[in-house]
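Convention: sequence-line order gives letters A, B, ...; per-chain numbering from 1.
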Amino acid sequence: MQIPGYYEFCNKVKTVSGHNALDKLPEMLASVNSVKPMIITDRGVNGAGLIEPVKKALGAKVKAGGIYDDVPADSDVKTVKDIAAKYRAAKCDSIIAVGGGSVLDTAKGVNILVSENSDNLMNFVGFGALKRRLKPLIAVPTTSGTGSEMTLVAVIADHERDVKMLFPSLFLLPDFAVLDSRMTKTLPAALTAFTAMDAMTHACEAYTCLSKNPLSDSTAVMAIKLISENIMQGVKKPGDMQARLALANASALAGMSFSNSMVGMIHAIGHSIGAICHVPHGVCMSVLLPYGLEYNLHKTGHLTGELLFPLKGAEAYNSAKAEERPLLTIKAIREMNSDLRKATGGKHPTCLKEIVDRDGNMMVPREVLSDIALLSLNDGAMVYNPEDLDYKDALMVLEKAWEGEPLDRKKIKKGKKTSLVKVKD
Amino acid sequence: MNINKYPEIKSGGKLIKKIYVAVMLWIVGRAIQAASRVDREVKEEFGRLSDDFMMHLHVLPSGPGMIVGKDKNGKVKYMGWNPKGKKITLDMKVKNIEGAMLMFTFQESTCVASANNRLAVSGNVPDTMAFIRILNIVETYLLPKIITSFAVKRYPKWSQMSPMRKYAGRVLVYVRTFTF
Amino acid sequence: MQIPDYFKFFNKTRIVSGKKSLENIPYELQSMDAVKPLVITDKRSVDEGLVKILIDAYGDSGLVIGAVFDGVTAYTSAKTVLDAARLFRARGCDSIISIGGESCAFAAKALNLLVSHKTEDLLQFDSLPDNMHLCPFIVIPTSDSSGRETSTRSVIDGRIYESDELMPDIAVIDPRMLKKRGKAETILPALRAMAEAVEACTEDAANPMNDSFAFASIQLICENLAAAVNGGSVKSVLGLANGIAISGIVWSNAPEGIGSALAEELAVRTGNSRELCAAVLLPHTLDYKLKNTKKSVRGELLLPVAGIDRYCAAAETERGLLGVEAVFEIVKGMNKYIPVTLKELNIPRYILESTAEAVEDSFAKQYGKGGALMILESAYNGERVSGGKK
Amino acid sequence: MQEITGTSNRILEVNLTKKSFSVYEVPKEDLKLYLGGKGLALKMLYDRMEPGIDPLGEDNMIAIHTGVLLGTGAPCSGRFAAVTKSPLTGIMTSCSCGGAFGMALKTSGWDGLIVKGKSNTPVYLYVDSKGVEFRDAKKLWGMDTQKTQEEISKDSGGALAIGPAGENLVLYANVASGHRFLGRGGMGAVMGSKNLKAISAKGKEFKILPVNQKKFEKAKKKATDYINGNDISAGSYRNFGTNANVNLNNAGGLLPVRNFTGGTHGEAHKISGEEMAEKFKTSYSTCKPCTILCGHKGNINGQMRQIPEYETVGLMGSNLEIFDPVKISDFNEICTLMGMDTITAGGTIAWAMEATERGLFKSDLKFGSADGVCEVLKDIAHMKGIGKDLAMGSRYCSKKYGGEDFAIQVKGLEMAAYDPRGAFGQGLSYAVANRGACHLSATAFGLEVYLGLMDAYSYRSKASMVKYQEDIYSAINSLQTCVFTVFPYELETLLMKYSPRPVLKFMMNLMAGVAMRFVDVSLWPELWSAVIGNRLGMTAFLRVGARVQVLERVMNCAEGISRKDDTLPDRLLNEFRKCDSKERAIPLEKMLNRYYFVRGFDKNGIPKERTVRRLKIKKRMAV
Amino acid sequence: MEDIIITLKLYSGLEKELKIPDYNVNSGVIIKVNKGTKLKNIIADSGLQKLSGYAFFSGGERINLRTKFMESAEISCLKISGGG
């Protein structure tokens, strides 16, 4: 574990994990002396009845200040404003956000407005805008993948001015992250697979990108180990609580890892596909993961090789020679994608063209690949990728990912080779 | 325990470093303006940016800075260091003078610097990425290969930047930078 | 990987490590609404010029350091903290920076308690809530640090103050602050930190998050210890300091193990340093746990201690034993520089017995009646615990 | 009345478990190497005791040796030495005492006594020329030291007795003989742990005659003239006793005030020897025989009481900011009857007062007020209430309740009544003294402040001076004569008396090691060889001192002592006395390095192989 | 040359030797001397003989006969003792 020349690591979130961790909610609220929490969620979560355990946990003593449950798929300023209004009206003193990434981002936005009691998010954009601790925020993730309960960035779109506002601040980290296996019990197999692979990508990229550091590495390895041991179980038997808890912990660990070590090209391209074709984030990640690792092999081949251990276990790592390991890792990830495809009955794609929406038509047509490539160049994650990407590189990766064949590594324009392991082309 | 045995300590100044960074910023600023006329790729990059693009790279808390942006008729100009009277769309702050020294003695490339959290950027992300690409190209022009290969992840090979284009470009950029 | 049914994990400290990290402090303080820190340190750090390095790093920041209080001594007493509090108020400071080992960090944490609650009496803080709003507090570990700087604990006048909020907001680990020390002074804090990390991840209630921090800490220490002791290259010393700082976080998130309890009691009774006792007892506590407890020692320990290759090469069942062997190798390997058995410290037998007695009852159910004494006896002459299963 | 010429060399080995005794003949070689007294007692324990045994357990032993000069009538030779492993500090402790027991034991025909094992019922020993009787002490159990001695002195010349403190295993209980004590280190607790209430000796069965009568008479006359001629022994001590130091220390800033925070105090003169002599119309009450006559007794509101020694006045008076001599005498009486060391008791109570002031410890003790102190002393002796903790000494209490920085002790032994920040050499002496913070190991302040021959605030050549003084004190304690003879025997010699002061000061400050060799210490060996017959030169005499010091260090290192323990409490290293405006800190590390070099120890304070071999100490325990 | 005030405190029975009537321990003997005089001369004025046996202290430190006094101070004179 080489100590980097410089790194920063921070995760100020109090993690509470367990099969019925939610029962500790009153205790948590008391510790941040809040008596009137507001519950924010989205229709899907509410519909699936995931709010009941939260209400039961609050019990008689603590009366929820109100439940707001129509947060749209990706959070926007308008929703944040009227939740804040409701929050002030009911004189709540803390927020419990139950749901996926967008619910959490919305909750963070609301927390900014109510704590700084203003109602214009614009003057908090950018670095160092927030100076003080905000009101308490308790995050209860219902998908084991985005890891947004551990990240310090909130992304809120302003649809009128069609711009995405970024709020990177340590004060946005939730006070508590409650990992309760009951929250993901009802997650369907396909969604479990996407979100788990999303977490896997977070961990792999965190292990191989530029601001890699000892703590992100060990949390990433732990996350990959937990996922590779529990993903099949979680997909095949949704009821297995132990697997659910493991996946929830894995996603939190992956969140902890990538929120410090940042992610690279896979996320850059993934975001662009999501933006243009509205494909769920996890789906793009699982497809692009092997291609990202292949593209950077000449820079971080030895690191990819080391990932073989958490993925396939000690025996596989031991039997392979150092040069073979990176390719074996990538092969293992592709196998995992195909196994998941079988287990989810074809819903889990192994390449871009297999991504289909609910009623079966292709979501990522071939001709749209060039726009995706152009958009991905401007995604912030590109900075942290070990190797530069220009338009042609991105397009080449997208083409191969569309087809589903491995990258032709001779075509990659290689910068200074830093991989300690000579991977044969 | 008498209080005045423990006096207050004012922070000193780092004048030489500030001067060095100021000079480097001035050179890079003018070089960007020169490159925007000389190099095709840089021209395209600027083309894609919005018309009122105005970038201000400066060192906290009150260190040297440089402003590059598009003036009224869309030409890219180096606009000195004083942000007054100009509407900044992309504000890149280097956290401290030592961080700026690391960047401008090329011990840390722009990407590594932002990876090490030396920069605090506010403004939309696509502009930042564009500016970083522009900066890489300008550095290839300004500096000999050995230094730039540290400052950039991938030194543009023969295929992307023909030697003729590089050397001619370098001459033109130097000429334009140092002629007023 | 076994996940416990319920666990909590919290790490308030943000680690900023590496080249020119000190220069970030002015920016970090301003981002926490603070402009005037009080520096708490001891004479040794001042003499070594560490304070001067911080003042230079403050150059061009335009900020002011409230004062440099260098009155902290090896034993932190309430009087020192009260003096610092008076200075804090007199200068109108709003944040605290501690440079130095354990005692400076303890004094700084207690100071934070006092000034945030605007009181003069430390003794009223019996049990501390976990949500106090304290001033921004930055810790700068030096070569004297042994891990407790980044923990939730502060010990003033022998009294323990413990709360999640006492953890520092930021730990700035800058190579310029890690001055070269003698061989023993480099080894002991590292081995103590490793002992705490090993104990945390071999506890029955180990959770994956604390394990990943513990593995990172152990790996950093084991990989860099030999290099730091012999050559003392910047990278290895920095790695070691990071490992030690992370072990403080790990220690705060784990229940107290029998090893550290025994080391604490032994240090109080014999006047030896806590680091030395922890280092000597570490392998023997593990050896006893390997053979005499149901859960024995988990195989994963071998990974951070011996590295990925030796781990994968080892057979599944052997890993626990090999893990303990590896720890023995590292600690006993240091016998050229530090005493590695209690016999070398000439500790009388009756002190061993009274130490075992003091610790016995709180660990009886886990380690059985004579457990503590067997650990001490095997640590006395340095052999392996004989009577166990294997 | 039979006669012994020289010394009988016969030691009684008493085994309390088996209630048996045997006679041990001291080999000539040991007598030559260790002379007797502290030296020989220590050697006997070195041969018999294993390191690491429990001081209050069955295997701990007490070795008493009267020394060669006792009974011969030499000046100030009425003292005997005792050595054991201290329960308070966990290392060896050696004390000397001027009580009547020494003379009684010597004149019963025995040179010394070793007590082993543990008796299951309270017992006391009766020694006469035939041997030892084990007598039942059930009815003595619970009596105070003076009453016990009255009971058993009906048929004996002198006795050793412990009080209730020893019975209840107070870690700093002492052993009384008449109104003199084997004071420091908790020897009373060791006897208490063996259920040994007292030892009495018949006495007056033998007459001790020196081998060379003529040479002995000549030496004795010269010694007596020196004592009567020197104005320290004949002036300060004879008139005002040890309390002559009160005003001197007060002027020199050495007086412990308010748990060693101040060095002087305006009211200190109230408890000075001069004012006590006038107020209580004191008369002599000393060891027998004594020529200096430093012990006094006086009429304290109606009762004839022993005047407290300087250490008691310092630590139970000024250190607690109590300046009423009557109150101090009350404390002294309780400690005498209960059988407790006044220095440790004073130091522990001072810690308790400051810990209460800071809220770390619950008690109603307050600086400056004497009420409550008597009750606390009684509670300590009977292990009741807060006495149960205070009976363990200030090191134990400070580790349990906090406040380690103002527990003024080294290696567990509370510090005597001299503030080392006023005399840096004394700081080194406290740090390295084998027994703990004891002032009788090397009185460096005497040279630095009283005689003013060395600069008190510099570290230069203090290490060699402390080594020299340690050697000479150990040697004197091995003859067994009173250490106060140092001033008359050394200062009255021709060289020292008539050489000009500036020359002396110059030599001592810059070349202490060399200057010391010129000091004429011939009188002690002269007395010794006159009694024994075989020659003992000055250098050989000093080498005995060095041998005893290093042997004691070897035995302590076997108990775990090393450089980490050779230190001073935090307060003395980091805080400054109120009267010291220049705030000078003790340069302990520098002096320690130099001392280890001069002593022949390694960097960690463990005696080197070469040093042990050159001093002819048989290697017995791994160090 | 302006004068300075020296308070002379006598201990260990010195006041009897110098036969000073009703000597008050707290206030001691007050003498006015001009600035910069040595201790030797101050002692001579007060009539003390046989200087070798006495120790002189001022401000908590031992002073010797050649010490000069610039401002008013308090001097304690005592006979030497031996510790114990």
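- Atom CZ in R133(B) sits 10.5 Å away from atom CG in L389(A) (nearest 0.5 Å).
- If you measure heavy-atom distances from T128(B) to chain A, you find no contacts under 4.5 Å at all.
- Heavy atoms of P4(A) lying under 4.5 Å from chain B are absent altogether.
- Residue D388(A) comes nearest to K153(B) through the heavy atom pair OD1-CD, 3.8 Å, listed as atom of the first residue, atom of the second, then distance.
- Inspection of non-hydrogen atoms places L210(A), S211(A) of residues 204-214 of chain A under 4.5 Å from chain B.
- Atom OH of Y6(A) and atom CG of N117(B) lie 6.0 Å apart (nearest 0.5 Å).
- Residues of residues 377-384 of chain A lying under 4.5 angstrom from chain B, judged on non-hydrogen atoms, are L377(A), N378(A), D379(A), G380(A), M382(A), V383(A), Y384(A) by number.
- Enclosure of atom NZ in K43(B) by more than 12 non-hydrogen atoms of other residues, nucleotides or ligands within 6.0 angstrom is indicated.
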Step by step, work out the side chain to side chain contact (heavy atoms under 4.5 Å, CB included) result for K414(A) and R154(B). CA-CA 7 Å; K414(A) 297 186 182 54; R154(B) 178 170 67 183; over 6 Å; no
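- Residue E387(A) touches chain B through both its backbone and its side chain, counting heavy-atom pairs closer than 4.5 Å.
- For K299(A), the part sitting under 4.5 Å from any heavy atom of chain B is the side chain, from C-beta outward, and nothing else.
- Contact tally against chain A (heavy-atom pairs below 4.5 Å) for S122(B), A130(B), S114(B), P126(B): the top residue is P126(B).
- The number of heavy atoms from other shown groups lying within 6.0 Å of NZ (K86(B)) is above 12.
- Heavy atoms closer than 4.5 Å to chain A are found in the side chain of V152(B), but not in its backbone.
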